[in-house]
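To start, the structure under review is shown below, and the notes come after it.
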Protein chains: 2
Amino acid sequence: MILSESIEDYLKAIYALKKEVGKVVTTQLAERLEVKPASVTGMVRKLADMKLVTYKPYQGVALTKAGQKVALEVIRHHRLLELYLNEIMGLPWDKVHQEAEKLEHAISEELEDRIDQLLGHPTTDPHGSPIPSKAGKVNNSSSKKLSEMKRGEKAKIAEVRDEDSELLRYVGELGLFPGKSFEVVNVAPYKGPMTLKIKSKKIIVGREAAKQILVNKISAWN
Amino acid sequence: MILSESIEDYLKAIYALKKEVGKVVTTQLAERLEVKPASVTGMVRKLADMKLVTYKPYQGVALTKAGQKVALEVIRHHRLLELYLNEIMGLPWDKVHQEAEKLEHAISEELEDRIDQLLGHPTTDPHGSPIPSKAGKVNNSSSKKLSEMKRGEKAKIAEVRDEDSELLRYVGELGLFPGKSFEVVNVAPYKGPMTLKIKSKKIIVGREAAKQILVNKISAWN
DNA sequence: GATATTATTTAGGTAAACCTAAATAATATG
DNA sequence: CATATTATTTAGGTTTACCTAAATAATATC
Ligand SMILES: [Mn+2]
Ligand SMILES: [Mn+2]
Ligand SMILES: [Mn+2]
Ligand SMILES: [Mn+2]
């Protein structure tokens, strides 16, 4: 099965939107892929012909088993590449997404396997997103947004949106990397900044940025 | 300047053919790129419009300064990638060409620079081909074919054709890597095999394979 | 030097992945 | 519930990079 770069990107976007908003509609897909809605309609019909998605006009799109398999393969490429570029090659974590976006379509299955091996079969990328296994299993931690946390709650950074380079630089400077534990010591009103404590060091993060950060709560009785 | 993958491959092929046979004609370009001659005519006209080549119908194509610059940039990507894949990632030397053929169009200039740095600014790829510098300088050693050597002559392996995986596996098993010194101890008649001596070890290589191997003669008075 | 062969170009088409503008369907509002 | 707004689709183009078939130019052969 030789699929075009565009097709791979559509399937990936459908997978992501499904995860993020539940339903996948034309306009949102168009916005994410930076094409016009009319183009999405055309492509989605084609994907339906290829049995990669199911599609009912005005109702939305959903991946079939086959479509999901392709999406997960591309996502696996993407996240393995991000981790390799960051960890082994030393590229900053705000640069790797863009690079991986192109490379994900270019690497062979053999190179994918080699990268996986060199990284020791990792399960998360530099931004905390799970790397699907070769077989297509994904660890989907049910995490919540940092922005929704209350004063006094403790949590661990799970995942940071990886598309926005500026956000990543900001968050990186604050030291908010996946895996870091912290406590919310203050939440300013009027959508104001949050103050966090990481190992007795206080840091302040804007509420907008906090919306882009997913965390796993640490239960009080731990 | 954003050039398509096809355009980059045309320019690279024109560069290579110029080097190999001196003149670049439609049919050969078509054969190398695995497209029909009519398609080459079309693309070459387009490249001429873009001032990347000069073209006279029925006469042949030649790269302009701008065209050569692009060709050398793509070749630099290709060869740096081959070396990285082989040396750092441990891919066998008969696999790296195919992989680099796709990746060369996908990596950013920043990643190119990082690879160059991690490799210590290398000057040749795993098959012995020179890596053009960032500025576009290429070391073109004037080497001859192994197949044309006579009994008793000494030389060093310079370069092995990199497109044919089977050839590379064969040559690799014989230990004929770029840099290896040897002496021709016998040349069988009727286009028969050649016997070489590398550090007192004798190896036999077919004449067809020997045509694909370039060497630098070691002068007798050395 | 006429004729056959080979190389190349021209003309007209196709497929993929976009686009714009207009039509239609779904949803929201007074 | 009639009308306005928004979402989506349809229809008809465009661009890129191919293709085939036919025409033409260059070269080789008798
Ligand atoms: Mn992509
Ligand atoms: Mn990521
Ligand atoms: Mn190569
Ligand atoms: Mn290529």
Side-chain angles (χ1 to χ4, degrees), chain A residues 1-15 17-18 20-63 67 70-71 74 101-102 104-106, chain B residues 1-15 17-18 20-63 67 70-71 74 101-102 104-106:
Chain A
M1 208 194 323
I2 326 123
L3 301 173
S4 72
E5 202 164 311
S6 285
I7 288 178
E8 290 187 348
D9 281 339
Y10 270 86
L11 295 173
K12 198 159 63 113
I14 293 165
Y15 182 91
L17 276 180
K18 165 76 179 182
E20 286 164 31
V21 296
K23 201 185 168 189
V24 186
V25 295
T26 307
T27 331
Q28 283 208 297
L29 207 41
E31 196 182 340
R32 174 175 287 245
L33 292 165
E34 296 182 270
V35 299
K36 295 286 131 80
S39 305
V40 170
T41 302
M43 179 59 102
V44 149
R45 300 211 101 105
K46 182 174 153 182
L47 294 175
D49 283 349
M50 299 170 81
K51 308 284 185 198
L52 292 169
V53 305
T54 53
Y55 176 57
K56 284 213 172 161
Y58 296 97
Q59 300 301 107
V61 208
L63 294 173
V70 175
V74 181
E101 202 56 49
K102 286 208 73 186
E104 65 189 9
H105 309 289
Chain B
M1 207 195 323
I2 327 126
L3 302 173
S4 72
E5 203 165 311
S6 285
I7 288 177
E8 291 187 349
D9 281 341
Y10 270 86
L11 296 173
K12 198 161 61 114
I14 293 165
Y15 182 91
L17 275 180
K18 164 78 178 180
E20 285 165 31
V21 295
K23 201 184 167 189
V24 185
V25 294
T26 308
T27 331
Q28 282 206 297
L29 207 40
E31 196 181 342
R32 175 176 286 244
L33 291 164
E34 296 182 272
V35 300
K36 296 283 130 83
S39 305
V40 169
T41 301
M43 179 59 102
V44 150
R45 301 210 101 105
K46 182 173 155 183
L47 295 176
D49 284 350
M50 298 171 83
K51 308 283 185 198
L52 292 168
V53 304
T54 54
Y55 176 56
K56 286 213 172 161
Y58 294 98
Q59 299 301 106
V61 207
L63 295 173
V70 175
V74 181
E101 202 57 48
K102 286 208 74 186
E104 65 189 11
H105 309 289

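Note that the coordinates shown come from a computational prediction; the quantities given were computed from them, not determined experimentally. Residue numbering restarts at 1 for every chain, and letters A, B, ... go by the order of the sequence lines.
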I'd like to check A/Glu8 versus A/Glu104 (side-chain heavy atoms, cut-off strictly below 4.5 Å). Are they in contact? no
Discussion item. Could you check whether any side-chain heavy atom of B/Tyr10 comes within less than 4.5 Å of a side-chain heavy atom of B/Leu3, counting everything from C-beta outward?
Written reply: no
In numerical order, the residues of residues 39-51 of chain A whose heavy atoms come under 4.0 Å of DNA chain C are A/Ser39, A/Met43, A/Lys46
Verify the contact: side-chain N or O of B/Ser6 to OP1 or OP2 of D/dT16, cut-off strictly under 4.0 Å; return yes or no.
no
In terms of heavy-atom contacts, B/Ser6 and B/Met43 come closest through CB-CE, 3.9 Å
To the nearest angstrom, the CD-C1' distance between A/Gln59 and C/dA25 comes to 11 Å
Closer than 4.0 Å, any side-chain N/O of B/Tyr58 to the OP1 or OP2 of C/dT6? no
To the nearest angstrom, the CG-C1' distance between A/Leu33 and C/dA17 comes to 12 Å
B/Glu8 CD to D/dA17 P, in whole Å, measures 11 Å
note: B/Lys56, atom NZ; D/dA26, atom P; distance rounded to Å ~ 12 Å
Kindly determine whether B/Ile14 and B/Leu47 satisfy side chain to side chain contact (heavy atoms under 4.5 Å, CB included), including the steps that lead there.
-> CA-CA 11 Å; B/Ile14 293 165; B/Leu47 295 176; 4.3 Å; yes
- Can you find a side chain N or O atom of B/Tyr10 that sits less than 4.0 Å from OP1 or OP2 on D/dT16? no
When you measure from the side-chain N and O atoms of B/Lys36 to the phosphate of D/dC18, is any distance below 4.0 Å, counting only OP1 and OP2? no
Under a 3.5 Å limit on both distances, the Watson-Crick or wobble mate of C/dC18 is D/dG13
*Heavy atoms under 4.0 Å, any strand shown: does B/Pro37 hit a base, just sugar-phosphate, or nothing?*
base
note: B/Glu5, atom CD; D/dC18, atom P; distance rounded to Å ~ 10 Å
May I ask you to test the A/Met50-A/Ile7 pair for a side-chain heavy-atom distance under 4.5 Å? yes
Taken in chain and number order and not counting sequence neighbours, the residues that satisfy side chain to side chain contact (heavy atoms under 4.5 Å, CB included) with B/Ala13 are B/Leu29, B/Arg32, B/Leu33
Rounded to whole Å, the CG-P distance (B/Leu29 to D/dC18) equals 11 Å
The side chain to side chain contact (heavy atoms under 4.5 Å, CB included) partners of B/Lys18 (sequence neighbours excluded) come to B/Val24
